[in-house]
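Read the structure below first, then the notes.
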Amino acid sequence: MTRAMNVVPPRGGRILLAMLPFVLIAIIYVIGSAERRAANPDDKLLPPISEMAATTKRLAAEPDRRSGEYVLWVDTAASLRRLALGLGIAAAVGLAIGLTIGLLPVAGAGFGTLFAVLSMIPPMAVLPILFIVFGLGELSKVMLIIIGVTPTLIRDLSLEVSAMPREQLIKAQTLGASTWQVAIRVVLPQIMPRLLKCLRLMIGPAFLFLISAEAIASDVGLGYRIFLVRRYLSMDVILPYVVWITLLAFLLDLALVYIGRRAFPWAFVQEPR
Amino acid sequence: MTRAMNVVPPRGGRILLAMLPFVLIAIIYVIGSAERRAANPDDKLLPPISEMAATTKRLAAEPDRRSGEYVLWVDTAASLRRLALGLGIAAAVGLAIGLTIGLLPVAGAGFGTLFAVLSMIPPMAVLPILFIVFGLGELSKVMLIIIGVTPTLIRDLSLEVSAMPREQLIKAQTLGASTWQVAIRVVLPQIMPRLLKCLRLMIGPAFLFLISAEAIASDVGLGYRIFLVRRYLSMDVILPYVVWITLLAFLLDLALVYIGRRAFPWAFVQEPR
Amino acid sequence: MSALSFRNVWVEYGNQVVLERINLEIASGTFLSVVGPSGAGKSTFLRLILGQERPAQGAVLLDGEPFPAEPGPDRGIVFQRYSVFPHLTVLGNVLIGYEFAERKFSARLFGSARREAIEKSRALIDAVGLGPHADKYPSALSGGMQQRLAIAQALAKQPRVLLLDEPFGALDPGTRAQMHALIKPLWRDLKMTIVMVTHDIKEAFGLATRLIALDKTRRDPQAPERYGANITYDLDLTRDSAVPVLGFLRAQVEAQQ
Amino acid sequence: MSALSFRNVWVEYGNQVVLERINLEIASGTFLSVVGPSGAGKSTFLRLILGQERPAQGAVLLDGEPFPAEPGPDRGIVFQRYSVFPHLTVLGNVLIGYEFAERKFSARLFGSARREAIEKSRALIDAVGLGPHADKYPSALSGGMQQRLAIAQALAKQPRVLLLDEPFGALDPGTRAQMHALIKPLWRDLKMTIVMVTHDIKEAFGLATRLIALDKTRRDPQAPERYGANITYDLDLTRDSAVPVLGFLRAQVEAQQ
Amino acid sequence: SPTSPALAAKKKEFNIAWTIYVGWMPWPYAAEAGIVKKWADKYGITINVTQINDYVESINQYTAGKFDGVTVTNMDALTIPAAGGVDTTAVIMGDYSNGNDGVVLKKGKTLADIKGQKINLVELSVSHYLLARGLSTVKLDEKDIKTVNTSDADIVAAAKSPDTTAIVTWNPQLLEVKAEPGASLVFDSSKIPGEIQDLLVLNSETLKDNPEIAKALTGIWYETIALMKDSGEKGKAAREAMAKLSGTDLAGFETQLKTTHMYYAPKDGADFMTGAELPRIMDLVRSFCFEHNLLGENVKSKDAVGIQTPTSTLGSATNVKLRFDPSFMKLAADGKL
Ligand SMILES: Nc1ncnc2c1ncn2[C@@H]1O[C@H](COP(=O)(O)OP(=O)(O)OP(=O)(O)O)[C@@H](O)[C@H]1O
Ligand SMILES: Nc1ncnc2c1ncn2[C@@H]1O[C@H](COP(=O)(O)OP(=O)(O)OP(=O)(O)O)[C@@H](O)[C@H]1O
Ligand SMILES: [Mg+2]
Ligand SMILES: [Mg+2]
């Protein structure tokens, strides 16, 4: 008999298998919702899917009664802009500092501990200081993402750099490379796939920080809407928004995988098992 | 001249270098605090260090007048218990599921997508549901940590398992190992160092989730105390608590490094450069 | 019994043909040497037998039966690149084979069973000359020492088919001779079928009972990937007749003169 | 000029002595072969010259000057384990040496400078027989092909000192002869000093002008780590006299007879 | 679901949630001082008084059925549980905000100056209601300003930010915000007395089946606030304990208490509930809620959710979900508990 670890499902079966747990979750939800509705016809906690669909349609396809805006799209645009800015800046900063710390022992000694410590500070707890320094506008929301995500990126990337085979760095030096050249031609391209992987892992936390920032002070955005309607437990808005955020995050994840495979084919040559 | 990448600071210099940025930050704080005090003698945002020291002493060394408890220690004990439980369970679950998904293609097809999607759900947005499902006691606080941390662990560990050299898995099979034996004797010990590394990266987020959970429903804990005094902007309590949390997290981090080096010497043989 | 048959086997990576139309019968108990230029597909040939690679066309049969398409304890392997378990000491690397066999669930031995297995392992480790290094982790071993460890590991299981991919390439002549002296009697006594890839012609002729050469028979300079390698020579070394000089060796023979 | 001197050099890992009391003068332009049993410290010896390892005692001198304690373009290396850049194609791996030299800041060549460098690189790639694979990434190459790439890479810089750690171990005799034919004239024309670790005695004698053997001279079976390796033989191969059979080769010579 | 108290008939154990607010601090004090246990024992039941830090979460949990009762304002009682189909009864009229909620401007001295400014507040909360009521007094509309939703926990820090010019919030945050240099309080809840009420509500179903829980709670409440009112040492100790529990000191707590109109006497609370003011106020509140979609996005009229006061019923009589029941306060007033 074939070992379990050697059983590879065929392509079609794989898709079916991937769908299965989602279908199960949907069924459990529908049952739970129906039960609560039976007990209280106005229940707001687990609205039936039909009601969520109606709400979603209203938010996405009908202009808001008061502002005339298409709420879902306005929120999405605002949040994605903040997210892209935050993640983009975090990636650039994380890459630069992580590479420096990982490659230069002096920088590692000087800043390694600093960033290890900084990455442990809960950003939410020092929000008041952030507000004063960065104001209450867009900047502070983007900054919260950056502050939340960058230290982890720095740590992970610098660990990755210092785990690179020494042979490669030595080989590069015997080919005449200076520190700068090693950094940009040997180390940088090799940690790019890792950066993408890190960014994939950081999409979740980044959304978390974004939503928290939007919950604290904002007038538009996905997190703003969720926390606004939480005031009257409108789960028929919250749940579709959560699904939408998850979908956006998942698509972003897929996009990063795709970019990785296109831009760094060498890193994926042996990957499929 | 030696290349920058080959300059290794001596042991003593390394410690000095590591201290430098912290000293700088302290100096900047003292100046900023003095400036704000000069402008507004009642300023609460950046209290002078002497004031924070006094508050810390009161919280840590004097019993609370009413309850007779030493507030700081009671908070710390409660929070650390939740954190240890949450991280411990997350590690166990993450390890088991991550290993299974990474090792078995069928499990990977069935649950890989599920956990990729689950890891994208912002836990804060579904907090009401979590509280309903898990109650408002200790369980829900521990659960928020577990829910926040586990999907990332699962993803990272399963990626790590599938990136293991195929040769090793094949070698094990030629030595007669079953899937189960490969899992416990070949894969598990080799991903343990990675698990520790992941846990180190997750200490920050775990504290974040803990603090958020404690801010919503609790009557003791580090996050609760910060939340309680936040309305009065008592930075003389908040800042020492933040420093204390950061210190705790950093010590936890050091402990994990130490455990890793003791328990998995083979993984660190080549590490020091 | 452990006879291998290749029936019209093709292996392709993407649009690159690596092996084409391989037809071969390997009798049980054969010591087969495989030679051929770098990149010809020798390692790929071994991976086929191992069950790590599936042919694009054709079939590989073990004793006339279709192959279990996964590696198993009946076929041992020493890979071209050192592949020992980094998390186990030298002793642990050899021991683990016994532990897999005897404890289905825990895969760990204790007490007297462990002592026995350790004894057997130590004997093997001493045989490959790693006695004084038994408690080191692979990362503290030199390249050749890792390779010897891999050999000890594979021999511990006494597999019916043993696959060796340049097993002695990283060894000095002295150690290499020791390894030859170790493997030859084992092969004879256990009636193993051994398939060994090597670049050392002396070794190929000295150890084996049969030798095949893999090489491309046709080349298209514009599209080198269109043609794969095939068996260009197949020599029975047990006959007492003179062995022909292999064509593709001429350059080397000339260079050494 | 590129003469190397070892003055009473010791290398230790923790409490294990690997090399002890190494005293050696290598004249500029020497082709030095280093042989010795597996684990003797041959790779360590090369790492010393490279500046990757510092001696616990003693000094290594280049042209009488204390050594720059870091690798540089004057000393090329081919490592025992394939070490090419995984993120560059075969062409890119060779090209990068030229790019480092000519563009300090961007380390990238464009236009005609690039075309020229590509031409030089392609010539080297063709010389090591990887012409048809110039656009592949290392992960799609066989072990021997990666090793040949590493050789081309090192040769591109025409270093004054070239360090080779079993460079031809993974190559078939035909390809190996090609590599010999490639390296010998380069060594002569460029007046390089070459230090080559090899297990192939024929190769060691055939290519080199001098041969040293590293081995332990004293052993303590209870504490094998207490004694390190030393130079046991030092042969000048340019003299036209008969070369003595090396003691530590006897086992191998016997085995092959 | 089986855990829903709506289905529970006779029960022995009750869960009440409270959040930190000056008008609700008697609850934790009563629990700590043993007053809760005393009254629970008297009625042969168990009462768990649980602190929830996040106010909205406490109401959500009550609405979801995790609690039998919760401390809440009249407006939130209408928009969250009542609009969510959970029939809810207010049994204790604790106090109304008499200056505890306020509008603070950093630029400008009168409410009319607010025009065109960006205002930080917890949207859709009583702050929002207060703002709307204030705007109507100076003939402004919500269109004339811009609101920025700001979490109550962070509003003090937000107020320190240079780009914040207008804040609406409640105590204790209001005290901190007011103290900012250059800040002026331009409107507060003392201008709309009685409109922002702090209640204790119970699930109507549970109440119907278990009236003794309301009796016990009413007993606890009036015993505790009697202590709180006491001007002697005992009262001071009680107030000090409450101050501590809410994270401030005695002086801070008493400042907040000054702007809270407590109904110390059960009769006053009952009278307010039975008075003619309440229907007028609740009509104002439900109009505001309807205009801001707080009754549900699909609700077509402010009459959808019925509100029953002792004197009249507002909106749908067939869908009454929020009730004001003074009977237990009357029992307390008559000393019949
Ligand atoms: N993962 C892969 N993807 C694409 N092509 C590959 C892959 N692995 C091997 N090849 C190609 O298959 C051919 C045969 O490789 P193989 O490793 O079998 O050669 P080999 O005969 O063992 O060579 P060597 O003696 O150098 O080890 C090579 O041309 C190589 O480029
Ligand atoms: N990182 C290390 N830590 C501890 N010991 C090491 C380390 N690297 C090498 N050694 C030890 O140093 C000795 C010499 O190793 P080296 O790699 O120089 O041998 P070698 O002569 O190149 O052998 P081979 O021919 O097998 O490549 C070995 O005994 C090895 O165990
Ligand atoms: Mg091969
Ligand atoms: Mg070596």
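Predicted model, so just to flag it, every value in this text is computed and none were measured. Chain letters run A, B, ... following the sequence lines, proteins first and then strands; every chain starts at 1.
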Closest heavy-atom pair and its distance - E:L245, B:L228: O-CD1, 4.2 Å
Taking atom NZ of E:K160 and atom CZ of B:R36, what is their separation to the nearest 0.5 Å? 6.5 Å
Between B:A215 and E:N53, what is the shortest heavy-atom contact and its length? O-CB, 2.7 Å
Between E:S246 and chain B, which part of the residue has a heavy atom less than 4.5 Å away: side chain, backbone, both or neither? both
Closest non-hydrogen atom pair between B:I216 and E:E57, with its separation: CG2-CG, 3.5 Å
Counting only heavy atoms not in B:F115, do more than 12 sit closer than 6.0 Å to its CZ atom? yes
Taking side chain as everything from C-beta outward and backbone as N, CA, C, O, which of these in E:T248 sits under 4.5 Å from a heavy atom of chain B? Side chain, backbone, both or neither. both
Using the side-chain contact (heavy atoms from CB on, under 4.5 Å) definition, which of the options E:D152, E:I155, E:D154 pairs with B:R230? E:D154
Between E:Q51 and chain B, which part of the residue has a heavy atom less than 4.5 Å away: side chain, backbone, both or neither? both
